[in-house]
J.: 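Can you keep this structure in mind? I'll have questions shortly.
Given the structure is predicted, the values throughout are model-derived calculations rather than measurements.
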Amino acid sequence: MEKKRTDDSETVPVPPLRLDRFGFVKQEPSPDGLPKGRSALELEREERKVRKWRKMIGVGGSDWKYYLRRKPHVVKRRIRKGIPDCLRGLVWQLISGSRDLLLMNPGVYEQLVIYETSASELDIIRDISRTFPSHVFFQQRHGPGQRSLYNVLKAYSVFDRDVGYVQGMGFLAGLLLLYMSEEDAFWLLVALLKGAVHAPMEGLYQVGLPLVQQYLFQFDQLVREHLPKLGEHFTEEMINPSMYASQWFITVFSYSFPFHLALRIWDVFLYEGVKIVFKVGLALLKYCHDDLVKLPFEKLIHALRNFPEDAMDPDTLLPMAYSIKVSRCLEDLKHQYDKKNGKNLEATKDEKPAE
């Protein structure tokens, strides 16, 4: 009898991985045991959307700049509604300026990957398996996903030795690699950190994380202005943004947020700049305001790191975020922060303002 049980256990088949439509392993089956499909109406709506986008950008993006000059408000509205997933990689390259960088620097990426060495190589190897570990592309040890991620991060650490490599960069590069080639992902990373279109992000990863400190100061003040009751409660409970919001800025919500929401935020982030991170953060706090103001310290910290599922619905959260105006206030707060920290404003006046 014992032998029979052993034999039975050995022949039990291993169920295949259940993946969502983005390639992440599903943790729990849906209630009916079947993956939730999209309705015919949703699919038809998506196809119409794709056709509009293809007409707007042209073959390979050939009409993009022309359309952007003629109808910038249409472009902004469509991006805020979400870029079709099948076109996302191309559009991200067009709106970030990375496509132009790629064309101006032929052969540079290959040189960085093959012929250069990086002081950060061991750190990158150590962190590779921590980047999107539940995504099928990155799960295989030394597989194509992990190799591509290593190459992009190693190349950037050589390209910009002042920044080198910091762990949070893996989530940016990993997200990009799900939508484009290694070389394309590398140049988009360069466009972001060096500021091809918007304010440079490299300060998020430099020693001391200077831009993270600035953004957290700005966010703290924005909370007090837009949500004064919650800001006061945070003060009473000794809560500051570094306890819950640092990763929002360092990974642009790609670290712990639902992937479908992170993608929608990235669509807007690449087109409008970092102000969308502030807006989404404020919208989350506003949505959960009435619950958060009642919580003591420990429960408050937990809630700020684990927002409820209904708060993470892009069609609810993002319109709320778009309605919050922060641009002028961010600029004023940057000047306050520079003055508070004794920075020479004359030396920085030629820099691009915070988006």
Side-chain angles (χ1 to χ4, degrees), residues 130 166-168 171 201 203-259 261-262 264-265 268-269 274-314 316-343 354-355:
R130 303 174 188 174
V166 177
Q167 187 177 356
F171 283 91
M201 288 176 60
L204 293 174
Y205 309 106
Q206 290 169 336
V207 176
L209 311 179
L211 197 55
V212 179
Q213 305 306 322
Q214 176 195 311
Y215 286 166
L216 293 177
F217 169 82
Q218 289 171 301
F219 189 74
D220 189 38
Q221 300 304 311
L222 287 171
V223 171
R224 296 174 190 282
E225 179 179 330
H226 288 265
L227 305 165
K229 188 175 178 182
L230 185 60
E232 185 179 339
H233 184 58
F234 282 171
T235 300
E236 290 170 357
E237 296 296 330
M238 293 185 287
I239 298 285
N240 64 71
S242 67
M243 297 173 175
Y244 63 91
S246 297
Q247 289 291 351
W248 296 356
F249 293 103
I250 292 172
T251 70
V252 193
F253 292 113
S254 63
Y255 173 61
S256 59
F257 272 45
F259 195 68
L261 173 59
R264 292 283 303 278
I265 295 171
V268 180
F269 165 68
V274 75
K275 64 185 177 184
I276 189 60
V277 181
F278 291 95
K279 289 181 170 195
V280 169
L282 289 170
L284 272 171
L285 297 183
K286 184 178 180 180
Y287 186 88
C288 301
H289 178 278
D290 293 347
D291 294 323
L292 294 174
V293 292
K294 300 172 187 173
L295 298 176
F297 178 84
E298 287 186 6
K299 290 184 178 179
L300 189 53
I301 285 290
H302 182 268
L304 290 167
R305 294 174 180 172
N306 301 274
F307 286 96
E309 188 176 340
D310 57 318
M312 298 292 201
D313 178 2
T316 301
L317 182 65
L318 294 181
M320 188 183 294
Y322 301 149
S323 71
I324 301 171
K325 308 302 179 189
V326 298
S327 296
R328 185 177 298 178
C329 197
L330 281 175
E331 196 169 334
D332 292 342
L333 288 169
K334 182 183 186 307
H335 290 313
Q336 282 184 39
Y337 181 80
D338 288 343
K339 188 174 181 181
K340 177 172 172 277
N341 288 274
K343 288 188 179 180
E355 295 294 335

J.: Would you find a donor on one side and an acceptor on the other, under 3.5 Å apart, between the side chain of Gln218 and the backbone of Leu330?
T.: yes
J.: So, for Arg224 and Gly231, which heavy atoms are closest and what is the spacing to 0.1 Å?
T.: NH1-O, 3.7 Å
J.: Parallel, tilted or perpendicular: which describes the rings of Tyr337 and Phe217, with under 30° parallel and over 60° perpendicular?
T.: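 If you compare the ring of Tyr337 with that of Phe217, the planes turn out tilted.
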J.: So for atom OH, which belongs to Tyr322, do other residues, nucleotides or ligands contribute more than 12 heavy atoms lying within a distance under 6.0 Å?
T.: yes
J.: How far does OG of Ser327 sit from CD1 of Ile324, to the nearest 0.5 angstrom?
T.: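 If I round to the nearest 0.5 Å, the distance is 12.0 Å.
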J.: Can you find a heavy atom in the side chain of Val223 that is under 4.5 Å from one in the side chain of Leu282?
T.: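 Yes, side chains in contact.
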J.: Looking only at heavy atoms, what is the nearest atom pair of Tyr215 and Phe278, with distance?
T.: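 Answer, listing the atom of Tyr215 first, then Phe278: O-CE2, 3.4 Å.
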J.: As a quick check of understanding, evaluate side-chain contact (heavy atoms from CB on, under 4.5 Å) for Ser256 and Gln247, giving each step before the final call.
T.: CA-CA 8 Å; Ser256 59; Gln247 289 291 351; 5.8 Å; no
J.: I'd like to check Leu304 versus Leu285 (side-chain heavy atoms, cut-off strictly below 4.5 Å). Are they in contact?
T.: yes
J.: Would Leu292 and His233 count as a side-chain contact (heavy atoms from CB on, under 4.5 Å) here? Give the steps.
T.: CA-CA 9 Å; Leu292 294 174; His233 184 58; 5.7 Å; no
J.: Do Val268 and Leu318 come within less than 4.5 Å of each other through their side chains, counting heavy atoms only?
T.: no
J.: Closest approach of Leu222 and Cys329, non-hydrogen atoms and distance?
T.: CD2-SG, 3.7 Å
J.: Indicate the atoms forming the closest heavy-atom contact of Arg130 with Phe171, along with that distance.
T.: O-CZ, 3.5 Å
J.: Using a 6.0 Å cut-off, check whether atom NE2 of His289 has over 12 heavy atoms from anything other than its own residue.
T.: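 Yes, the 6.0 Å shell around NE2 holds more than 12 heavy atoms from other groups.
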J.: Quick one: does Tyr244's side chain get under 4.5 Å of Leu300's, heavy atoms only?
T.: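 They are not in contact (no side-chain heavy atoms under 4.5 Å apart), so the answer is no.
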J.: Looking at every heavy atom in both Leu211 and Leu204, which two are closest together, and how far apart are they?
T.: CB-N, 3.5 Å
J.: So, for Cys288 and Pro308, which heavy atoms are closest and what is the spacing to 0.1 Å?
T.: SG-CD, 3.9 Å
J.: Under a 4.5 Å cut-off applied to non-hydrogen side-chain atoms, are His226 and Lys286 in contact?
T.: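 Side chain of His226 against side chain of Lys286, heavy atoms only: no contact under 4.5 Å found.
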J.: In plain terms, say whether Arg328 and Asp332 are close enough for a salt bridge, that is, a side-chain N and a carboxylate O under 4.0 Å apart.
T.: no
J.: What is the distance from atom NZ of Lys325 to atom NZ of Lys275, rounded to the nearest 0.5 Å?
T.: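 If I round to the nearest 0.5 Å, the distance is 8.5 Å.
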J.: Tell me whether Glu237 contacts the main-chain N or O of Pro296 through its side chain, where contact means a donor paired with an acceptor under 3.5 Å.
T.: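 The answer is no, because no donor-acceptor pair under 3.5 Å joins these two groups.
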J.: Atom CZ in Phe219, atom CG in Leu333: separation rounded to 0.5 Å?
T.: 12.0 Å
J.: Once you round to the nearest 0.5 Å, how far does CE of Met238 lie from CD1 of Ile301?
T.: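 Interatomic distance, Met238 CE to Ile301 CD1, rounded to 0.5 Å: 11.0 Å.
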J.: Side-chain contact test, heavy atoms from C-beta onward, threshold under 4.5 Å: evaluate it for Asp310 versus Tyr287 and give yes or no.
T.: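 In short, these two side chains touch, coming nearer than 4.5 Å.
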J.: Taking the side chain from Thr251 and the backbone from Trp248, do they hold a donor-acceptor pair closer than 3.5 Å?
T.: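 Pair absent, no side-chain N/O of Thr251 close to backbone of Trp248.
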J.: Return the CG to OH distance between Leu209 and Tyr205, rounded to the nearest 0.5 Å.
T.: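 It comes to 9.5 Å.
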J.: Are Glu236 and Glu232 close enough, and set up right, to give a side-chain contact (heavy atoms from CB on, under 4.5 Å), and what steps lead you there?
T.: CA-CA 6 Å; Glu236 290 170 357; Glu232 185 179 339; 3.6 Å; yes
J.: For Leu216, is there any backbone N or O sitting under 3.5 Å from a side-chain donor or acceptor partner on Asp220?
T.: no
J.: Can you tell me how far CG of Asn341 sits from CD of Gln336, rounded to the nearest 0.5 angstrom?
T.: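 The CG atom of Asn341 is 11.5 Å from CD of Gln336, to the nearest 0.5 Å.
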J.: Side chains of Phe234 and Asn240: closer than 4.5 Å at any heavy-atom pair?
T.: no
J.: Do the non-hydrogen side-chain atoms of Ile265 and Leu261 ever get within less than 4.5 Å of each other?
T.: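 SC-SC contact between Ile265 and Leu261 confirmed.
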